[in-house]
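Below is one structure, written out as structure tokens; the observations come after it.
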There are 2 protein chains.
Amino acid sequence: MARRGETIELAVLGLLHEGPMHGYELRKRLNLMLGWGRVLSYGSLYPALKKMLRANLIEEATVSPAPVSKRQRIVYEVTPTGHDEFERLMSEVGPAAWEDDTFDIRFAFFSSTDMEIRLRVLEGRRTRLQERLERVQQQLSMTQAEVDRYAAELQRHGVESVEREVRWLSELIDAERGVHVRDAEQPGPGPQFQQTTFQQTTTPHTGEDVRPPTGR
Amino acid sequence: MARRGETIELAVLGLLHEGPMHGYELRKRLNLMLGWGRVLSYGSLYPALKKMLRANLIEEATVSPAPVSKRQRIVYEVTPTGHDEFERLMSEVGPAAWEDDTFDIRFAFFSSTDMEIRLRVLEGRRTRLQERLERVQQQLSMTQAEVDRYAAELQRHGVESVEREVRWLSELIDAERGVHVRDAEQPGPGPQFQQTTFQQTTTPHTGEDVRPPTGR
DNA sequence: GGCTGCATGTAAGTCGTTACATGATTTA
DNA sequence: TAAATCATGTAACGACTTACATGCAGCC
């Protein structure tokens, strides 16, 4: 299970959990979230929406507040079936490549799941990264001969980045567990991940989020 | 120019600059270099090799040392045309997505090019990343309403990663320029990038390099 | 003698992008 | 009223993966 096409599906279902939306809007939001330059094309989004409609994962929203919606637009919302599928995709353990590709998306929609799933996703990713680090370091210790300067620097930088990512994941995992404990014991304003060093220049902001590069 | 298919081409040409190789070996090396989990399939490698052969970018090596090579293998080497193509691809300014995807490959083969190209690649990437950072920060300052906790953390982490990448690139650029100066003025052992903090457990190693995740 | 790994290749199918096509609506 | 942008969609094409097919060589 968990083929490639399901990435869009996961993203769409995740976004629709925030409220009904039409295709054009989904694309905009998705490009901001998963973006950093990459663009989801209409050519893949609209067919995906139709497919999800047929599969009864989403349905046309029964829009009460706007009787005369000016533009031609089709607003979708998640069905109960769609919600189940969302939870399945969020917790799905699939090919490593797929899990890599979807980590950011899953993470962005963590609020729509429960802690069990969150921990599974976080720990899964950490394990995978650690395994790769070990494999790389084994390779390093096995090989000899002179190293190309640039190749070595690239690889050094790569290892460092992954190690940093592992530490980040560990902090998140601790925070998750921390929530668990504190929720019962403390009345405080919930867990902070770490000091939010970079909470930006001006105003707080809405869901116009943007996604990081992660492990490229 | 600079379509997707050319990524393999670039990688193959780069590797063959280190010496003649056959397909199976290329695949192994490539998977280690570009890998961190991703695998280049035979289904794309072998056809690519044939295509490159037809385009006269590579040719079957005139193997002198092994008269009775035991196994069936086709060893390739770069032609002069191939070398030109390699230089073209190394310095090509294409779609941002393509440049992102190939940055690591280009970097890994920096030794086979000259400083002009190296600087162009490094500065090009730095510029692109900086532009994206600015765009993201503009978005942040434009939007209001409450942020989802996880989406915000993801985005914070993303920005931090990209900023780190930019700093890394800046160091590399300085080092490149440093080479330039020092080459003439100092007899020293060439430029160090930074302290090679992580130069590994045991032995130095050969080209069995591995590629970092970069910007995902 | 059989299993594992080396070595090359092809065919089918999937997935997604690019480009095209269409039309309404707001803004300058 | 012209341009930009909202909004949805389809058709053609390209690229890569998966699975299949084949055979030799070295090791136990």
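Among residues two or more places apart in sequence or in another chain, the salt bridge (charged side-chain N to carboxylate O under 4.0 Å, His left out) test is passed with B/E9 by none.
Checked for salt-bridge contact, B/R149 and B/E153 miss the test: no charged N lies under 4.0 Å from a carboxylate O.
Heavy-atom nearest nucleotides on DNA chain C were determined for A/L45 and for B/P47, and the one closer to the 5' end corresponds to B/P47.
Counting to the nearest Å, the P atom of D/dT5 and the CD atom of A/E25 are 17 Å from each other. Straight-line distance from the NZ atom of B/K51 to the P atom of D/dA15: 7 Å, rounded to whole Å. To the nearest angstrom, P of C/dG9 lies 7 Å from CD of B/Q72. Atom CG of B/L26 and atom C1' of C/dT8 are 13 Å apart (whole Å).
Here the nucleotide nearest the side chain of A/I74, chosen from C/dG9, C/dC6, D/dT8, is D/dT8. Counting only heavy atoms from C-beta on, A/K50 has its side chain closest to D/dT10 among C/dT17, D/dT10, C/dG9.
A/L40 comes within 4.0 angstrom of no nucleic acid atom, judged by non-hydrogen atoms across all strands. A/G23 comes within 4.0 angstrom of the backbone, heavy atoms only, and of no base.
Contact of the A/Q130 side chain with the A/V166 side chain is registered, since non-hydrogen atoms from C-beta on lie closer than 4.5 Å. In this structure, B/E99 and B/R106 have side chains that are in contact, with non-hydrogen atoms separated by less than 4.5 Å.
Listed pair B/Y42 / C/dT8 fails the phosphate criterion, with no side-chain N or O lying under 4.0 Å from OP1 or OP2. Contact annotation: A/S41 side-chain N/O to C/dG16 OP1/OP2 distance is not under 4.0 Å. The shortest distance between the side-chain N/O atoms of B/Y24 and the OP1/OP2 oxygens of C/dC6 is below 4.0 Å.
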